[in-house]
*Asks:* 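One structure follows; several queries about it will come next.
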Amino acid sequence: QVQVVESGGGLVQAGDSLRLSCTISGRTINTSAMAWFRQAPGKEREFVAAINYNSRGTLYEDSVKGRFTISRDNAKNTVYLQMNSLKFEDTGVYYCGVSRYYSESTSQDDFGSWGQGTQVTVSS
């Protein structure tokens with residue numbers, strides 16, 4: 001059984017940084033793209049960042065480009081999201097997804113395993 005566990009969220013002020021982690025157990029992720037999505041209160045879950053299976057390709061949602069960095073350590077079966085210069089609008093529950101494919105993508109339909117999420121709250 002695949003388990004996806006996100007961690008690292010918290011309450012921070014605008015301008016601060018956080019580093020989210022996502023650790024997968026029950027399978028290896030070294031043949032899967034990975035991604036972070038987020039869901040703000042009252043809104044649909046949206047794409048944030050994705051990385052392909054060997055870290056040679058990444059995608060970012062426009063509003064986080066230059067502030068967020070996705071990375072992975074296949075030896076640790078873990079994916080990270082470094083978030084700098086956080087803004088109030090970054091507030092939400094952040095979810096990690098395991099793709100069915102090698103290549104990075106922005107579509108939730110490509111991801112078959114999800115965690116419970118970690119809450120990020122940015123105060124203005």
Side-chain angles (χ1 to χ4, degrees):
Q1 182 179 357
V2 178
Q3 288 192 318
V4 180
V5 179
E6 302 96 338
S7 62
L11 172 62
V12 297
Q13 294 186 333
D16 285 351
S17 297
L18 279 175
R19 188 193 195 203
L20 306 184
S21 297
C22 169
T23 300
I24 294 83
S25 60
R27 60 158 289 182
T28 180
I29 64 169
N30 61 7
T31 58
S32 298
M34 301 291 296
W36 289 93
F37 289 74
R38 67 186 177 191
Q39 187 167 19
K43 295 187 177 182
E44 297 291 318
R45 187 158 61 182
E46 65 175 4
F47 169 77
V48 175
I51 187 167
N52 79 341
Y53 77 105
N54 64 3
S55 302
R56 292 181 180 176
T58 56
L59 291 171
Y60 294 94
E61 193 270 329
D62 285 346
S63 70
V64 308
K65 285 180 181 176
R67 300 189 297 122
F68 290 11
T69 303
I70 188 171
S71 62
R72 63 192 294 159
D73 185 339
N74 286 346
K76 295 182 178 179
N77 242 29
T78 299
V79 179
Y80 306 97
L81 186 67
Q82 177 67 43
M83 305 187 296
N84 299 329
S85 302
L86 281 162
K87 302 178 180 180
F88 174 76
E89 50 266 39
D90 294 320
T91 294
V93 179
Y94 282 69
Y95 298 92
C96 174
V98 183
S99 177
R100 300 180 179 91
Y101 308 108
Y102 290 100
S103 297
E104 67 277 22
S105 71
T106 64
S107 172
Q108 295 187 57
D109 292 341
D110 291 343
F111 297 85
S113 298
W114 297 94
Q116 294 299 307
T118 185
Q119 176 71 48
V120 172
T121 304
V122 184
S123 62
S124 58

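If you read the sequence from its start, that first residue is 1, and numbering goes on from there. Computed from a predicted structure; not experimentally measured.
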*Asks:* Quick one: does Glu6's side chain have a donor or acceptor within less than 3.5 Å of a partner on Gly117's backbone?
*Replies:*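 Checked: pair present.
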
*Asks:* Can you tell me how far NZ of Lys87 sits from OG of Ser124, rounded to the nearest 0.5 angstrom?
*Replies:*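 Between atom OG of Ser124 and atom NZ of Lys87 there are 13.5 Å.
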
*Asks:* Using atom types as modelled and distance alone, determine if a side-chain donor or acceptor of Thr78 lies under 3.5 Å from a backbone N or O of Thr23.
*Replies:*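 No, because the side chain of Thr78 does not come within donor-acceptor range (under 3.5 Å) of the backbone of Thr23.
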
*Asks:* Write out all pairs satisfying disulfide (SG to SG under 2.5 Å) with one or both partners inside residues 43-82, taking only residues at least two apart or from two chains.
*Replies:*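 Found none.
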
*Asks:* Suppose we screen for ring-ring contact (aromatic ring centres under 6.0 Å, His included). Which residues come up paired with Tyr80, at least two apart in sequence or across chains?
*Replies:*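 Tyr80 satisfies ring-ring contact (aromatic ring centres under 6.0 Å, His included) with no other residue.
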
*Asks:* Would a distance-only check, ignoring hydrogens and angles, find a side-chain to backbone donor-acceptor pair under 3.5 Å from Asn74 to Asn54?
*Replies:*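 The answer is no, because no donor-acceptor pair under 3.5 Å joins these two groups.
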
*Asks:* Run the ring-ring contact (aromatic ring centres under 6.0 Å, His included) test against Phe37 and tell me which residues pass, sequence neighbours left out.
*Replies:*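 ring-ring contact (aromatic ring centres under 6.0 Å, His included) list for Phe37, sorted by chain: Phe47, Phe111, Trp114.
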
*Asks:* Quick one: which residue pairs count as a salt bridge (Lys or Arg N to Asp or Glu O under 4.0 Å) with a foot in residues 70-86, not counting sequence neighbours?
*Replies:*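 Passing the test, one end in residues 70-86: no pairs.
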
*Asks:* Please, which pairs that meet salt bridge (Lys or Arg N to Asp or Glu O under 4.0 Å) have at least one residue in residues 41-59, sequence neighbours excluded?
*Replies:*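 Every pair satisfying salt bridge (Lys or Arg N to Asp or Glu O under 4.0 Å) with a residue in residues 41-59: Arg38-Glu46.
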
*Asks:* May I ask whether Tyr95 and Phe68 are part of the same hydrophobic cluster, defined by side-chain heavy atoms of I, L, V, M, F, W, Y residues being less than 4.5 angstrom apart, directly or through others?
*Replies:*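 Unlinked, Tyr95 and Phe68 end up in two clusters.
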
*Asks:* Applying side chain to side chain contact (heavy atoms under 4.5 Å, CB included), run through Ser32 and Arg27 and close with a yes or a no.
*Replies:* CA-CA 10 Å; Ser32 298; Arg27 60 158 289 182; 2.4 Å; yes

*Asks:* Do Leu20 and Ile51 share a hydrophobic cluster (ILVMFWY, side-chain heavy atoms under 4.5 Å, transitive)?
*Replies:*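 Result: yes, single cluster for both.
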
*Asks:* Got a sec, which residues hit salt bridge (Lys or Arg N to Asp or Glu O under 4.0 Å) with Arg67, two or more places apart in sequence or on another chain?
*Replies:*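 Result, salt bridge (Lys or Arg N to Asp or Glu O under 4.0 Å) vs Arg67: Asp90.
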
*Asks:* For the side chain of Tyr60 and the backbone of Ile70, is there at least one donor-acceptor N/O pair under 3.5 Å apart?
*Replies:*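 Yes; judged by distance alone, with no hydrogens or angles, the pair exists.
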
*Asks:* Out of curiosity, Leu81 CG to Arg19 CZ, how far, rounded to the nearest 0.5 Å?
*Replies:*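 Here the interatomic distance stands at 10.0 Å.
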
*Asks:* Measure across Ala50 and Ser105 and return the closest heavy-atom pair with its distance rounded to 0.1 Å.
*Replies:*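 Between these two residues, the closest heavy atoms are CB-O, 3.4 Å.
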
*Asks:* Considering only residues two or more places apart or on different chains, which pairs with a residue in residues 73-124 satisfy disulfide (SG to SG under 2.5 Å)?
*Replies:*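 Non-adjacent pairs meeting disulfide (SG to SG under 2.5 Å): Cys22-Cys96.
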
*Asks:* Donor-acceptor pair, distance only, cut-off 3.5 Å: does the side chain of Asn52 make one with the backbone of Ser55?
*Replies:*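 Flag set: sc Asn52 to bb Ser55 pair under 3.5 Å.
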
*Asks:* Give the cluster check for Val64 versus Val93: same hydrophobic cluster or not, with ILVMFWY residues linked at side-chain heavy-atom distances below 4.5 Å.
*Replies:*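 As far as the 4.5 Å side-chain criterion goes, Val93 and Val64 are not connected within one cluster.
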
*Asks:* Taking all non-hydrogen atoms of both residues, which atom of Ser71 and which atom of Val79 are closest, and how far apart?
*Replies:*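 Shortest heavy-atom contact: O-CG1, 3.3 Å.
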
*Asks:* Any idea which heavy atoms bring Val120 and Gly9 closest together, and the distance?
*Replies:*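 Scanning both residues completely, I find the closest heavy atoms to be CG2-CA, 4.1 Å.
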
*Asks:* Could you pull out all residues at least two apart from Gln119 that satisfy side chain to side chain donor-acceptor pair (under 3.5 Å)?
*Replies:*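 Checked Gln119 against side chain to side chain donor-acceptor pair (under 3.5 Å); matches are Thr121.
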
*Asks:* Which residues, ordered by chain and number, are linked to Tyr53 in its hydrophobic cluster, where ILVMFWY side chains connect at heavy-atom gaps below 4.5 Å, directly or through other members?
*Replies:*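 Besides Tyr53, the hydrophobic cluster comprises Tyr102, listed by chain and residue number.
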
*Asks:* For the CG atom of Leu86 and the CG atom of Asp16, what is their distance to the nearest 0.5 Å?
*Replies:*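 Rounded to the nearest 0.5 Å, the CG-CG separation comes out at 7.0 Å.
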
*Asks:* Checking Asn30 now: which residues fulfil side chain to side chain donor-acceptor pair (under 3.5 Å) with it, not counting sequence neighbours?
*Replies:*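 In terms of side chain to side chain donor-acceptor pair (under 3.5 Å), with neighbours along the sequence ignored, Asn30 is linked to Thr28.
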
*Asks:* Which residues pass the ring-ring contact (aromatic ring centres under 6.0 Å, His included) test with Phe88, sequence neighbours left out?
*Replies:*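 Listed in chain order: nothing, the list is empty.
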
*Asks:* Treating Ser25 as the side-chain partner and Val4 as the backbone partner, does any N or O pair qualify as donor plus acceptor under 3.5 Å?
*Replies:*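 Judged by distance alone, no pair lies under 3.5 Å.
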
*Asks:* Applying salt bridge (Lys or Arg N to Asp or Glu O under 4.0 Å) as the test, list every pair that has at least one member in residues 101-121; sequence neighbours left out.
*Replies:*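 Pairs touching residues 101-121 that pass the test: none.
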
*Asks:* Any donor-acceptor pair under 3.5 Å linking the side-chain atoms of Asn84 with those of Ser17?
*Replies:*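 Looking only at side-chain atoms, Asn84 and Ser17 do form a donor-acceptor pair, the distance falling under 3.5 Å.
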
